[in-house]
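Before any comments, here is the structure.
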Amino acid sequence: MAIPVVDLADFLSGDPGKKADFVQLLGKAYEEVGFVAVKNHGIPDELIASQYEYVQQFFSLPLEKKLHYEIEGLAGQRGYTSFGREHAKGSEAPDLKEFFQYGQTVEDSDAIKEEYPDNVQVAEIKPFNKTLFDAYRAFEKSGKSLLRAIALYLGLEEQYFDAHIRNGNSILRCIHYPPITKEPKSAIRAEQHEDINLITLLVGASADGLQILTKQGEWVNVTSLPEQIVVNVGDMLQRLTNNKLRSTTHRVVNPRRELWHTSRFSMPFFLHPRSEMSLACLGSCIDATHPKAYPDATAGEYLDERLREIGLKK
């Protein structure tokens, strides 16, 4: 399935007509599909290439070395999470993946620094740490522009999200789905789920496998071109907009048998706000036909609840 394609350069062009068209295109896509492909997203190709290289080097390390970076008490929010630890909400079966997570670096005097554990530094691959930092900042910048367009679509001030995401709790996750070595119990590498956050920015994965569930209840493959990133709505934005913008169910399926020997790498950036942001449904998204669907909660409360549901937090 070709998901709608938008060009972020139109939004940033300074041309009011192009900007307005971009806002409508993006908003409608998020109401109807929940996923878009974004070109001219501003994340440098060479940065993405470097990150892939170091991610592959990290996951090639012996397990005992990787386990050194799996730190008790961090609920998988920083460092390494070993194979089979995480499962989708409502599913008992663990996902067939291992991953490494990198979070916010607070560089000013913001007191929110106290909320965040330090990032885990990988000693064996020195440039990995700097590359993760640079990629994180690039994703943050691109995501901020997309949220400005979403704010305009919702009839909010363009900068509505800016303060909420400044030093926000976003996560850059590097995922490795290892080769399949025996008949799998399930055809699913990552069980169906919705993302927790506001929006997710995904650099084209190294192999196919991503599928989304359409409104008609059909699973369809999502493909994007190498120069595009895929960006989808998460549950926090769905809650905030009282289901106006859709958090689309998606999953990762196993490759064809002849490709079982291959690894799949994927690098989603989960854009989260600060923990104190209210996710209370926007008044403009509530009316007689769309009554308020969710109780009020802060982003921090909601994240905590979801991390418990997926088994990362006790």
Side-chain angles (χ1 to χ4, degrees), residues 1-49 51 134-166 168 170 172 195 197-205 210 212 214-215 220-234 236-238 240-248 250 267-273 277 282-285:
M1 172 185 177
I3 55 175
V5 179
V6 296
D7 186 342
L8 189 55
D10 288 347
F11 183 71
L12 302 172
S13 65
D15 178 321
K18 282 185 175 176
K19 185 173 179 176
D21 288 348
F22 178 91
V23 168
Q24 287 307 307
L25 200 58
L26 184 71
K28 283 276 176 279
Y30 282 155
E31 280 196 36
E32 291 161 13
V33 186
F35 270 74
V36 296
V38 181
K39 59 183 183 180
N40 292 316
H41 46 74
I43 301 155
D45 290 344
E46 58 276 16
L47 184 56
I48 293 169
Q51 193 181 341
D134 291 344
Y136 189 102
R137 286 288 181 253
F139 276 114
E140 235 177 2
K141 186 178 176 191
S142 186
K144 184 179 186 176
S145 296
L146 290 163
L147 283 171
R148 284 181 170 181
I150 289 167
L152 289 172
Y153 185 74
L154 295 169
L156 302 167
E157 288 287 325
E158 184 173 339
Q159 280 79 26
Y160 176 85
F161 289 102
D162 286 18
H164 293 307
I165 64 171
R166 187 182 73 82
S170 298
L172 178 54
D195 293 341
N197 40 289
L198 290 169
I199 55 174
T200 302
L201 293 80
L202 176 69
V203 173
L210 180 64
I212 64 173
T214 66
K215 283 187 176 175
V220 294
N221 294 317
V222 169
T223 49
S224 64
L225 297 172
E227 69 274 12
Q228 299 171 350
I229 61 171
V230 172
V231 184
N232 62 280
V233 172
M236 288 185 181
L237 191 55
Q238 177 172 272
L240 186 72
T241 63
N242 199 36
N243 296 329
K244 181 179 173 73
L245 303 186
R246 310 290 303 180
S247 174
T248 304
H250 53 286
M267 300 186 304
F269 180 79
F270 300 116
L271 200 156
H272 282 264
M277 181 186 180
L282 295 165
S284 58
C285 296

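Below, all heavy atoms of this structure are taken into account, side chains as well, without hydrogens, waters or symmetry copies.
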Straight-line distance of Glu227 CD to Asp45 CG, nearest 0.5 Å | 8.5 Å

For Thr200 and Pro268, work out which heavy atoms get closest and say how close.
-> CG2-CB, 3.9 Å

dist Leu156:CG -> Leu152:CG (nearest 0.5 Å) comes out at 8.5 Å

Have a look at Leu8 and tell me which of Val231, Val38, Ile229 forms a side-chain contact (heavy atoms from CB on, under 4.5 Å) with it.
-> Val38

Distance-minimising heavy-atom pair for Val5 and Gln228 = CG1-NE2, 3.7 Å

Under 6.0 Å from the CD atom of Glu157, do we count more than 12 heavy atoms belonging to anything else shown?
-> no

Please tell me if the side chains of Phe161 and Leu240 come closer than 4.5 Å, counting only heavy atoms from C-beta onward.
-> yes

Are the side chain of Asn197 and the backbone of Gly234 linked by a donor-acceptor contact shorter than 3.5 Å?
-> no

Is a donor on one side and an acceptor on the other found under 3.5 Å between the side chain of Ser247 and the backbone of Gln238?
-> no

If we only count heavy atoms from C-beta on, is the Leu12 to Lys19 side-chain gap below 4.5 Å?
-> no

State which residues pass side-chain contact (heavy atoms from CB on, under 4.5 Å) with Ser13; sequence neighbours excluded, sorted by chain then number.
-> Asp15, Lys18

Compare all side-chain heavy atoms of Glu140 with those of Ile165 and state whether any distance is below 4.5 angstrom.
-> no

For Asn242 and Cys285, the nearest pair of non-hydrogen atoms, with its separation, is ND2-O, 3.2 Å

Would you say the side chains of Asn232 and Thr248 form a donor-acceptor pair under 3.5 Å?
-> no

Pairs touching residues 12-46 that satisfy ring-ring contact (aromatic ring centres under 6.0 Å, His included), sequence neighbours left out = Phe11-Phe22, Phe35-His250

Can you check side chain to side chain contact (heavy atoms under 4.5 Å, CB included) on Val230 and Val36, steps first, answer last?
-> CA-CA 6 Å; Val230 172; Val36 296; over 6 Å; no

For residues Ile199 and Gly143, report the shortest heavy-atom separation together with the two atoms involved.
-> CD1-O, 3.9 Å

Side-chain heavy-atom pair Leu172, Gln51 within 4.5 angstrom cut-off = yes

When rounded to the nearest 0.5 angstrom, what distance separates CG in Leu210 from CG in Leu202?
-> 6.5 Å

List the steps, then state whether side chain to side chain contact (heavy atoms under 4.5 Å, CB included) holds for Asp162 with Leu147.
-> CA-CA 8 Å; Asp162 286 18; Leu147 283 171; over 6 Å; no

Can you tell if the side chain of Ile150 reaches within under 4.5 Å of the side chain of Leu245, non-hydrogen atoms only?
-> yes

Nearest-0.5 Å distance that lies between atom CG in Asn221 and atom CD1 in Ile212 | 10.0 Å

Apply the test side chain to side chain contact (heavy atoms under 4.5 Å, CB included) to residues Leu201 and Leu146: give CA-CA distance (whole Å), side-chain angles for both, the deciding distance (0.1 Å), then the verdict.
-> CA-CA 10 Å; Leu201 293 80; Leu146 290 163; 4.3 Å; yes

Does some side-chain heavy atom of Arg246 sit less than 4.5 Å from a side-chain heavy atom of Val233?
-> no

At what distance, to the nearest 0.5 angstrom, does CG of Asp195 lie from NE2 of His272?
-> 8.5 Å

For the pair Tyr136 (side chain) and Ser170 (backbone), establish whether a donor and an acceptor sit closer than 3.5 Å, ignoring hydrogens and angles.
-> yes

Are any non-hydrogen side-chain atoms of Thr241 and Leu237 less than 4.5 angstrom apart?
-> yes

Quickly, which of Glu31, Gln24, Arg148 forms a side-chain hydrogen bond (donor to acceptor under 3.5 Å, both in side chains) with Tyr153? Name it, please.
-> Glu31

For Ile43 and Ser142, work out which heavy atoms get closest and say how close.
-> CD1-CB, 4.2 Å

